[in-house]
Amino acid sequence: MELSHLKDIDRNHIWHPYTSITNPPIIYPVSHAEGVYIHLADGRKLIDGMSSWWCTIHGYNVPQLNEAACKQIDKMSHVMFGGLTHEPAAQLAERLLGLLPMQLNKIFFADSGSIAVEVAMKMAIQFHAAHASSPISEAASAPSRTKFATIRSGYHGDTWHAMSVCDPVNGMHGLFGSSLPVQFFLPQPKSRFGHEFDPHDIEPLKSLLSEHSHEIAALILEPIVQGAGGMYFYSPEYLRAAATLCKEHGVLLIFDEIATGFGRTGRMFALEHAQVVPDIICIGKGLTGGYMTLSATIAQEHVAQGISQSPSPAFMHGPTFMANPLACAVASASIDLLLASPWQDRVHNIAVAMLSHLSTLSNTKGVACIRVLGAIGVVELDEPVDMQRIQPMFVDAGVWIRPFGNLVYIMPAYVITEDELSRLCEALVGVVREYLQN
Ligand SMILES: *Cc1c(COP(=O)(O)O)cnc(C)c1O
């Protein structure tokens, strides 16, 4: 296809994430990607700082993942999961059981992160419906715990209930108004990761639960790292205190590890920083190494047992592409590749290098804060960035970095070399300096 034709079709007919279709921003056609490089159709190649939104932990075009996909596609790309099962699902389940805390052992495979969150929220409601049910009257089984609590600046996805627990200001609440379910929002914990915990942080949750726990099905949190809602790292103590309070009040605890899973924070899952096991966990993004969409919601035994005691013991969800064999096969290969690699050392080295590079910006006017955790490096600016201006500057500097709001951040593939990482960081620092000077 002619490049100009591709651009025309795209510009006139195709929506991109969070963009206007009538006044689209600049969009760069990609021809292929390899390792940590995205090759643009015009011949330029960019070092990828985004891992395609947390996903491509091994980089692009990975021989082992390609091989897993080819092998599986020759057997079957897909088969329905209703009434049928297959080796790719069982093999992936076995691997996940080996990675997760042992209490999390009932796995629902879904098709995207947002759906994993929807599934977790439905599980929580069905769990409480079972507890509320009475053998005498059907009417008494109407669930009373139908609301959710969360902290501000979170992000949990773009579907309806997932959206309802995204930050009420930065999220999409204003736009969708009263059509969104109303949830309980708590302040973001002020105690940062690696700093002393201020016990005042937990007070709002304490008072919310003592007044409203009878309405609340679950507390949903991104443990340690809030991603798309603010790239903020908070204290593991908050999670420990929250878990204790939830248990006391019979409120389920859901961890959304869609962004943090598979090593990104320096641990396989961020919950390991806090040694807290939630009732339900959601994973996605890095699960297939960024090859295709797949997510999972994993519950503890008692949640599964609870749901099974409801008037309809079945859990009421079942997407068409549930446990897609192709995606499961690649996910297993991705986990094997991760476990066979020195990923902890790699993530640690990335953190050290990012901190030393990005810190050179810390006294720059217009820079509010530098923070690094695992393979996540964040430069927070005083003002929101002008994307139309900064995006071409990054591309001209040979890197793919896509800021949002006042956050310029990178989360490279773990396989990035020292030299590539230096070039990525130097480009970031140079562009931010130049951008702030003008
Ligand atoms: C990306 C993300 C989601 C949504 O996942 P999709 O695959 O985009 O639907 C949910 N929660 C968190 C924490 C995420 O980072």
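Whatever order the structure lists them in is the order used to number ligands and atoms, beginning at 1. Being a predicted model, the structure only gives us computed values, none of them experimental.
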Peer 1: To check your reading of the model: name the closest protein heavy atom to atom 12 (C) of ligand 1, its residue, and the distance in Å.
Peer 2: Asp256 OD2, 3.4 Å

Peer 1: Heavy-atom contacts under 4.0 Å between Glu222 and ligand 1: side chain, backbone, both, or neither?
Peer 2: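 Only the side chain of Glu222 comes within reach of ligand 1.
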
Peer 1: Between Asp111 and Asn324, is any side-chain donor less than 3.5 angstrom from a side-chain acceptor?
Peer 2: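 No, no side-chain donor-acceptor pair sits under 3.5 Å.
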
Peer 1: Distance only, no hydrogens: is a donor on one side chain within 3.5 Å (strictly under) of an acceptor on the other, for Ser51 and Tyr414?
Peer 2: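 Judged by distance alone, the side chains do not pair up.
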
Peer 1: Taking atom 8 (O) of ligand 1 as the point of reference, which of Ala259, Ser114, Ala116 owns the nearest heavy atom?
Peer 2: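 Minimum heavy-atom distance to atom 8 (O) of ligand 1 goes to Ser114.
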
Peer 1: Not counting sequence neighbours, which residues clear side-chain hydrogen bond (donor to acceptor under 3.5 Å, both in side chains) with Ser334? List them please.
Peer 2: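 Expected list: His58.
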
Peer 1: Which residue owns the protein heavy atom closest to atom 1 (C) of ligand 1, what's the atom, and how far is it?
Peer 2: Lys285 NZ, 1.5 Å

Peer 1: Does the side chain of Arg402 come under 3.5 Å of the side chain of Gln391 through a donor N or O and an acceptor N or O?
Peer 2: yes

Peer 1: Is the shortest side-chain N to carboxylate O distance from Lys106 to Glu301 below 4.0 Å?
Peer 2: yes

Peer 1: Classify the contact between Trp53 and ligand 1 as side chain, backbone, both or neither, using a heavy-atom distance cut-off of under 4.0 Å.
Peer 2: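 Under 4.0 Å from ligand 1, Trp53 contributes no heavy atoms.
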
Peer 1: Does Phe233 reach the side chain of Val378, with side-chain heavy atoms less than 4.5 Å apart?
Peer 2: yes

Peer 1: Would you say Gly113 and ligand 1 have an N/O pair spaced under 3.5 Å apart?
Peer 2: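 N/O-N/O distance below 3.5 Å exists for this pair.
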
Peer 1: In terms of atom number and element, which parts of ligand 1 are under 4.0 angstrom from non-hydrogen atoms of His156?
Peer 2: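 By the 4.0 Å cutoff, the relevant atoms are 10 (C), 11 (N).
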
Peer 1: Which of the atoms in ligand 1, numbered in the order shown and given with their element, are less than 4.0 Å from a heavy-atom of Ile258?
Peer 2: 2 (C), 3 (C), 10 (C), 11 (N), 12 (C), 14 (C)

Peer 1: Going by the atom numbers of ligand 1, which of them fall below 4.0 Å from some non-hydrogen atom of Gly157?
Peer 2: 4 (C), 10 (C)

Peer 1: Establish, from distance only, whether the side-chain atoms of Ser332 and Gln91 form a donor-acceptor pair under 3.5 Å.
Peer 2: no

Peer 1: Can you sort out which atoms of ligand 1 are near Ser112, meaning under 4.0 Å from one of its heavy atoms?
Peer 2: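 In order of number, 7 (O), 9 (O).
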
